There are 2 protein chains.
Amino acid sequence: MSGQGILALSAHKEDAQTSANAIYESIRHDILSGKLGANARLKVSELARIHDTSTNPVREALQQLRGEGLVLFAPNQGARVRPIDMEFVRDVVEVGVLLEPYLLRWFVETASDADVAKLRGLQAEMEMLNFQDKPRHTVLDSTFHETMYARHYNRVAYGVWKQHREIISSISTRVPIALGRQKAILLEHRDLIEAISAQETDRAVAVLTQHIGDAGRHLVDQLRIEETLATQAVKG
Amino acid sequence: MSGQGILALSAHKEDAQTSANAIYESIRHDILSGKLGANARLKVSELARIHDTSTNPVREALQQLRGEGLVLFAPNQGARVRPIDMEFVRDVVEVGVLLEPYLLRWFVETASDADVAKLRGLQAEMEMLNFQDKPRHTVLDSTFHETMYARHYNRVAYGVWKQHREIISSISTRVPIALGRQKAILLEHRDLIEAISAQETDRAVAVLTQHIGDAGRHLVDQLRIEETLATQAVKG
DNA sequence: CTTTCATGAATAATGTATGATTTTGGTGAA
DNA sequence: TTCACCAAAATCATACATTATTCATGAAAG
């Protein structure tokens, strides 16, 4: 899936066809996975060497990422990885709190049995895993939400959400989930499925709002802890 | 101000410094102003000739616009202008309905006398103009909203709104405003300023929600009329 | 002695120019 | 209509010029 910025999400046929696209995907992955840390400098010549291409496709890939907001440019200084810090995550989460209930309403009113069954399946696997495999859990969790939103008529809203979700996911996989939160996640998902299944839109929205709000706050808290530890490590 | 996609809005020091940036601004403007119509093909060599540069900066500008979602790429077919049609505007408007109340709340709670005075000034000029100068009105209207949101702590939300607003503005300047809507706009703005001034957050939010919902629907209706006329012109 | 500051070479960004390769899209013949 | 062919254009590689930044070095100041 090639992210295309908030407005796009249309042309699906251009995945890694071109060299620039492959580089784009690669750099994007490295940023989201944390391999390229905050403010890491993205030297064109170096990236070209790594990907065994000329500098041209690299520069284009970086410009695309710039349009997407994942890298920042300073004149004559080239590109750097946009720092994904606490404030940033908080902001993304708060936008999600606005978007997801909106996206969910459409789903509740248009969901098929198969859709609900799919949610139950994902939920079952999450319960099975019980957070033993965090990356897998994160994928399942994202798929859970994606299942609900992917067919929404508002492609712009879906695009914004999707782009944000990929950032959130990338962070989720590398921070721990508190025990209390683990129980809550499974509970909230169960409630959500029930509400959807019963076609109780308002209740579903209420549950979801609670769910993503809590999840977001938990994520920010974990980042705060991470940051505190890092600061202490420097001082100590 | 150089738009940077949803997540950006950070580095402000890079306006048209580089050649690629100037081209980016230029193409972006031509798309938003309608000079480059829906699906218009963006040939690299042609754009390079027009801007009197090599093809390299052009390609980079296009990639940036791609990341922003304003142009679409098909492999080996180059770039085209993303069509800004009725559905798209509807989607953007609906996201605005979610974001603006959120952004407004912060403003109401942090606005200074100077802020309110500025709003009154903009409103006064709009009343004076009385829609005689549409481009000017659109600028004032955008500035009105921008004044309320620009300092919001959530840069992501502000960035999304801002990017969307530029699209909405570009369309607003070229469609007529119905007489009834003209009266309503001024009235709603007055109500909004009053509510803000009185620190009545919920009322302000209610007025704003009504305002942008109506404005959005009006815009979509105008586009529908435009489209209908275009279809009839073809048939007739 | 440490910090600050100037300096110049190495590094890198940006842009130009050109050509190779491949794909696309149209044109005319079978 | 189908298919071979060709011009146009996209994509990429390569090489190079220019400009700006970075960074290590060393001098000067505190």
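Please read all numbers here as calculations on a predicted model, not as lab measurements. Order of the sequence lines sets the chain letters (A, B, ...), proteins ahead of strands, with each chain counted from 1.
Note: CZ (A:R59) to P (D:dT14) measures 16 Å, nearest angstrom. Whole-Å rounding puts the B:E46 CD to D:dA8 P distance at 14 Å. Atom-to-atom, NE2 of A:H51 to P of D:dT11 comes out at 18 Å; the value is rounded to the nearest Å. Between A:N56 atom CG and C:dA12 atom C1' the separation is 16 Å, expressed in whole Å. Taking atom CZ of residue A:R49 and atom P of nucleotide D:dT14, one finds them 15 Å apart after rounding to whole Å. Put simply, CG on B:L47 is 13 Å from C1' on D:dA10, counting in whole angstrom units. Atom CG in A:L42 sits about 13 Å away from atom P in C:dA12, given to the nearest Å. Between the CG atom of B:N76 and the P atom of D:dA8 there is a distance of 18 Å, rounded to whole Å.
In the set D:dA13, C:dG15, D:dA9, D:dA9 carries the atom at the smallest distance from any side-chain atom of B:R41. Taking only side-chain atoms of A:E60, from C-beta outward, the nucleotide of D:dA10, C:dG15, D:dC12 with the closest atom is D:dC12. For B:Q77, taking side-chain heavy atoms from C-beta onward, the closest of the listed nucleotides C:dT14, C:dG25, D:dA10 is C:dG25. Of the listed nucleotides (D:dC12, D:dA10, C:dG15), D:dA10 has the atom at the smallest distance from the side chain of B:S45. Among the nucleotides C:dT14, D:dT11, D:dT14, the one closest to the side chain of A:F73 is C:dT14. Each of C:dT16, D:dA10, D:dA13 was ranked by its minimum atom distance to the side chain of B:V44; first place goes to D:dA10.
If you check every strand for non-hydrogen atoms under 4.0 Å, B:T55 touches nothing.
Closest-nucleotide positions on DNA chain D for A:P57 and B:K43 were compared, and the one nearer the 5' end corresponds to B:K43.
One finds a salt bridge joining B:E125 and B:R136 here, because a Lys/Arg side-chain nitrogen approaches an Asp/Glu carboxylate oxygen to under 4.0 Å. With respect to the salt-bridge test (charged N to carboxylate O, under 4.0 angstrom), the residues A:E68 and A:R28 qualify. The existence of a salt bridge linking B:D141 and B:R165 is confirmed by a sub-4.0 Å separation between a basic side-chain nitrogen and an acidic carboxylate oxygen.
Although no hydrogens or angles enter the test, the distance criterion places a donor-acceptor pair under 3.5 Å between the side chain of A:N154 and the main chain of B:D91.
Cation-pi geometry between A:R82 and A:F88 is met: the NZ or CZ atom falls under 6.0 Å from the ring centre, inside 45° of the normal.
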